[in-house]
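All values below were derived from every heavy atom in this structure, side-chain atoms included, with hydrogens, water molecules and symmetry-related copies excluded.
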Amino acid sequence: MDALFQNFCAKLASPSARSPAHRSDSGPYRLLEAVQTIRNDIALLEEQREETGKRLERGESFFRKFMNSGAPADLKASLNDLELRLKHQELKLEELAPQIDSARQKLDFFVKDHSGKLGEYLNEPENAKRLFDAGSANEAEAPVRERLLLRLLDRLEQHQVLYHVLAGYEIRPIVFRVLPADPLAAVAQALCPKRR
């Protein structure tokens, strides 16, 4: 339930915090873009290496030598060049590995810290009232809070949690009527009835 509610509130965050323009200014996003560029280059170089290898294999037959415009020596040189470029890109990716691990650890710490703070904020009834109570808001905020509450209720229904929440509120008054005042004494009496 907490994770569902935190996810709901996280999606309400301002769009400017999630925009690509905002993210490209920070170091981790530049690192991520550099890694993605290197991986794309590696994939492209692997495709070119495979294609050049196939052309070299086809060029070995006697008939293909006359039909093929690329000389085998040129293809071998091209294949060696592709291998060198591929190794260079893989080395660059390996050099970035410690930075990637460091960024991942920082991100995990930030996410856990943010999740904890958000959970603490959401566990306070006053904060829930600030978010969802249209009656305590001014005229401009009231429709926004009503929509927010409706969206939350829809999300709870989609995940089939709403009925459990409502049942939790209804169970409390019933429990006190059904359970005896001293439950241990009632269990002991049920297990060991008094002999007369």
Next on the checklist: Determine whether Ser136 and Arg145 satisfy the following criterion, side-chain contact (heavy atoms from CB on, under 4.5 Å), listing intermediate values before the conclusion.
Outcome noted: CA-CA 10 Å; Ser136 66; Arg145 290 184 183 187; 3.4 Å; yes
Next on the checklist: salt bridge (Lys or Arg N to Asp or Glu O under 4.0 Å), that's the test. Do Glu126 and Arg130 meet it? Break it down for me.
Outcome noted: CA-CA 6 Å; Glu126 289 299 318; Arg130 281 186 212 135; 5.5 Å; no
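Between the side chains of Asn40 and Gln36, at least one donor N or O sits under 3.5 Å from an acceptor N or O.
Counting heavy atoms of neighbouring residues, nucleotides and ligands inside a 6.0 Å radius, atom CD of Gln158 exceeds 12 of them.
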Kindly list each side-chain donor-acceptor pair under 3.5 angstrom involving residues 79-90, sequence neighbours excluded, with atom names and distances?
| from | atom 1 | to | atom 2 | distance (Å) |
| --- | --- | --- | --- | --- |
| Asn80 | ND2 | Lys76 | O | 3.4 |
| Glu83 | OE2 | Arg49 | NH1 | 3.4 |

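The hydrophobic cluster containing Leu31 also contains Ile42, counting ILVMFWY residues as joined when their side-chain heavy atoms lie under 4.5 angstrom apart, directly or transitively. Transitive grouping of hydrophobic side chains (ILVMFWY, heavy atoms separated by less than 4.5 Å) keeps Leu153 and Val144 in distinct clusters. Under a hydrophobic-cluster definition in which Ile, Leu, Val, Met, Phe, Trp and Tyr are linked whenever side-chain heavy atoms come within less than 4.5 Å, directly or via other members, Ile38 and Leu32 are assigned to different clusters.
Summarising the geometry, atom CD belonging to Glu57 is positioned 9.0 Å from atom NZ belonging to Lys54; distances are rounded to the nearest 0.5 Å. Going from atom CG of Leu152 over to atom CD of Glu157 covers 11.0 Å, rounded to the nearest 0.5 Å. Residue Leu148 holds its CG atom at 11.0 Å from CD of Glu141, rounded to the nearest 0.5 Å. With values rounded to the nearest 0.5 angstrom, Arg155 atom CZ is found 13.5 Å from Leu150 atom CG.
Judged by distance alone, with hydrogens and angles left aside, the side-chain atoms of Thr37 form a donor-acceptor pair with the main-chain N or O of Glu33 at under 3.5 Å.
With sequence neighbours left out, the salt bridge (charged side-chain N to carboxylate O under 4.0 Å, His left out) criterion links Arg147 to no other residue.
Of all heavy-atom pairs spanning Leu75 and Thr52, the tightest one is O-CG2, 3.6 Å.
For the pair Leu107/Val111, a side-chain contact is recorded, criterion being any heavy-atom separation below 4.5 Å from C-beta on. Under the 4.5 Å side-chain criterion, counting only non-hydrogen atoms from C-beta, Glu146 is not in contact with Leu149.
Look at Arg104 and Asp101 and you find a salt bridge, because one of the NZ, NE, NH1 or NH2 atoms lies within 4.0 Å of a carboxylate O, short of that distance.
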